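Written out below as structure tokens is the structure these notes cover.
These numbers come from a predicted model, not from an experiment.
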Amino acid sequence: MKVALVHDYLNEFGGAERVLLALSEIWPDAPIYTAFYREGSPAYKRLRGKKILTSWAQKVPFFASKLHSPMRFLAPLVWNSFDFSEFDVVIGSSNWYVTKGFKKGKGTVEICYCHTPPRYLYGYPTASNFQKYWLVRVYAAIVNHFMRVYDFEAAQGVDWFVANSREVASRIKKFYRRESTVIYPPVDVEKFEAQNPISENIGKYFLVVSRLVGAKNVDLAIEVCTNLKVSLKIVGTGRDEARLRAMAGESVEFLGDVDDRELVKLYQGCRALIFPASMEDFGIVPVEAMAAGKPVIALAEGGVLETVIDGKTGLLVEDLKPGAFAVAISVFLAKEKKGEWDSKFIQNHAQKFSKERFKEEIKKFVENKIK
């Protein structure tokens with residue numbers, strides 16, 4: 001079986017790139033096609049040993065760094081420049097850049113692992129807020145209209161959809177009028193197995209692990225922990241970092257990007273993870289925290305509703321308001337004092353989202369569709 005893997009582009013190493021890495025481990029000989037990559041970026045470093053083929057956009061000056069977003073209307077030309085007719089199966093890892101509906105042969109099966117229909121096309125919160133400028137709003141309204149038409153048409157060219165959560169499956173049904181199979185993305189839960197029970201390993205801090213961008217709502221966690229004077233450690237970087245640092249009190253510490261070993265230690269040492277992201281597609285970070293036996297205090301939206309059990313593996317907060325999260329932290333501390341958080345139960349729950357489980361399910365799905 002000759003397999004090709006296709007991914008939006010290679011820059012940050014997030015949940016979508018973890019899926020791509022897992023797919024490349026299942027099919028190690030499969031080339032990876034991508035619109036462009038940023039050399040030296042986290043994603044490029046993780047996948048550097050793979051055969052990576054880029055589109056013509058890679059050769060356009062500043063396209064990878066600045067132009068790919070304002071010139072998103074070029075996405076059809078990017079993907080139409082590839083011909084996948086020689087492959088038996090094309091597996092697209094699709095998110096921002098409409099990575100689907102490729103040029104392929106009559107016998108080629110296209111499977112789209114959809115992290116979400118593009119959030120910027122359908123009114124979901126995004127990392128940036130460039131549309132606060134009226135000129136950008138006008139430009140986006142025109143371009144995004146044609147991109148939505150293209151996105152829908154490209155979706156009709158897919159043979160089979162796989163969604164990374166029931167939340168995303170509902171979006172696929174709503175916007176593409178297509179059915180999909182839910183296969184949760186891979187979380188490397190195994191690296192947390194050796195951690196000590198939560199009762200023996202409680203730190204004095206709460207933890208945020210996130211890109212420091214708009215839709216992640218890290219400012220809310222900072223405001224609440226600053227006002228309550230409780231310790232908060234923040235892992236991650238992003239365009240909003242300077243603004244967030246300016247509003248943070250003495251109890252908030254910014255750690256920047258950390259390696260995997262240090263991240264595991266931070267998960268294991270925290271009291272709980274705070275996760276206020278809006279309409280998260282799935283949310284790997286909460287599962288990582290639970291794999292370390294730690295509860296999650298999360299906004300009750302999106303894929304988090306499928307991973308966090310309210311009152312058992314964390315607390316779900318109904319309102320994106322500082323007061324609601326302050327109350328949740330107080331409830332958490334009361335339960336912590338009574339010893340009501342069962343770290344073993346939390347950790348066992350996270351095993352449902354393991355990397356090995358993902359590999360088995362996606363491999364079986366692909367093999368069944370090409371018989």
Side-chain angles (χ1 to χ4, degrees), residues 14-15 18 22 165 184-210 216 218 221 224-225 228 230-236 251-253 255 257-277 280 282-300 302-317 325 327-359:
R18 292 176 191 273
S165 64
Y184 290 117
V187 183
D188 193 4
V189 298
E190 291 80 7
K191 63 187 177 185
F192 298 97
E193 288 180 352
Q195 74 108 35
N196 296 322
I198 189 171
S199 58
E200 300 176 10
N201 192 28
I202 296 178
K204 297 299 183 182
Y205 61 90
F206 290 93
L207 183 66
V208 164
V209 179
S210 174
K216 302 300 183 181
V218 178
V224 171
C225 290
L228 294 178
V230 296
S231 179
L232 174 67
K233 294 183 184 292
I234 299 175
V235 174
S251 65
V252 179
E253 181 181 4
L255 303 178
D257 291 323
V258 301
D259 60 31
D260 285 349
R261 181 173 296 184
E262 181 63 22
L263 182 59
V264 169
K265 290 181 180 179
L266 288 165
Y267 276 128
Q268 292 173 349
C270 74
R271 306 178 97 151
L273 177 83
I274 300 179
F275 192 77
E280 194 73 6
F282 171 73
I284 283 179
V285 167
V287 179
E288 288 183 334
M290 290 186 289
K294 301 307 171 87
V296 178
I297 301 172
L299 180 64
V304 171
L305 297 173
E306 301 170 47
T307 59
V308 178
I309 304 174
D310 193 26
K312 294 289 187 180
T313 69
L315 296 172
L316 295 173
V317 185
F325 272 81
V327 169
I329 289 176
S330 297
V331 172
F332 166 83
L333 292 173
K335 289 172 70 68
E336 179 188 83
K337 188 174 182 179
K338 295 177 183 178
E340 294 182 2
W341 295 113
D342 185 342
S343 64
K344 198 61 182 175
F345 176 85
I346 295 172
Q347 198 169 32
N348 288 339
H349 173 68
Q351 298 301 313
K352 300 176 182 179
F353 307 98
S354 71
K355 186 175 184 179
E356 292 308 311
R357 180 270 325 158
F358 169 81
K359 286 184 174 181

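- Contact detail for Val235 and Val258: the closest heavy-atom pair is CG1-CG2, 3.8 Å.
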- Message: Set out, in order, the CA-CA distance, both residues' side-chain angles and the distance that settles side chain to side chain contact (heavy atoms under 4.5 Å, CB included) for Val304 and Leu299, then state yes or no.
- Response: CA-CA 8 Å; Val304 171; Leu299 180 64; over 6 Å; no
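- Comment: Glu336 engages Arg271 in a salt bridge, judged by a side-chain N to carboxylate O separation of less than 4.0 angstrom.
- Remark: Leu228 pairs with Val224, Val230, Ala326, Ile329 by the side-chain contact (heavy atoms from CB on, under 4.5 Å) rule, at least two apart or across chains.
- Interatomic distance, Leu305 CG to Leu316 CG, rounded to the nearest 0.5 Å: 6.0 Å.
- Every side-chain contact (heavy atoms from CB on, under 4.5 Å) that Glu340 has, sequence neighbours left out, goes to Lys335, Lys338.
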- Query: Given the rule in the side chain to side chain contact (heavy atoms under 4.5 Å, CB included) test, do Leu273 and Val208 qualify, once you have shown the distances and angles that lead to the verdict?
  - Reply: CA-CA 6 Å; Leu273 177 83; Val208 164; 5.6 Å; no
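- Formation of a donor-acceptor pair under 3.5 Å by the Gln347 side chain with backbone atoms of Ala291 is found in this model.
- Closest of all the heavy-atom pairs between Trp341 and Gly311 is CZ3-O, 3.9 Å.
- Side-chain contact check for Leu207 versus Val209: some heavy-atom pair is nearer than 4.5 Å.
- Considering only heavy atoms from C-beta on, Ser354 comes within 4.5 Å of Glu190 through its side chain.
- Contact check for Arg18 versus Ile284: side-chain heavy atoms found under the 4.5 Å cut-off.
- To the nearest 0.5 Å, atom OG of residue Ser343 and atom CE of residue Met290 are 13.5 Å apart.
- With a 4.5 Å cut-off on side-chain heavy atoms, Tyr205 and Leu232 do not count as touching.
- For the atom pair NZ of Lys233 and CG of Leu266, the computed distance is 7.0 Å after rounding to the nearest 0.5 Å.
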- How far apart are the C-alpha atoms of Val296 and Thr313, what are their side-chain angles, what is the distance that settles it, and do they pass the side chain to side chain contact (heavy atoms under 4.5 Å, CB included) test? CA-CA 7 Å; Val296 178; Thr313 69; over 6 Å; no
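- Using a 4.5 Å cut-off on side-chain heavy atoms (C-beta onward), Glu280 and Lys216 make contact.
- The two residues Leu263 and Glu288 come nearest to each other via the heavy atoms CD2-OE1, 4.4 Å.
- Val327 is not listed as a side-chain neighbour of Phe325, based on a closest heavy-atom distance of 4.5 Å or more.
- A distance of 6.0 Å or more separates the ring centres of Phe358 and Tyr184.
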- Task: Take Tyr267 and Val285 through the side chain to side chain contact (heavy atoms under 4.5 Å, CB included) test and state the conclusion after the steps.
- Result: CA-CA 10 Å; Tyr267 276 128; Val285 167; 3.5 Å; yes
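- Val287 approaches Ala350 most closely through the heavy-atom pair O-CB, 3.8 Å.
- Between the side chain of His349 and the main chain of Val308, no donor-acceptor pair closer than 3.5 Å is present.
- Counting all heavy atoms, side chain and backbone alike, Ile274 lies closest to Cys225 at CD1-SG, 3.8 Å.
- Asp260 CG to Asp188 CG: the interatomic distance, rounded to the nearest 0.5 Å, is 8.0 Å.
- Contact record, Lys312 with Phe345: CB-CE2, 3.8 Å, taken as the closest heavy-atom pair.
- For Lys294 (side chain) and Cys270 (main-chain N/O), a donor-acceptor pair under 3.5 Å exists by modelled atom type.
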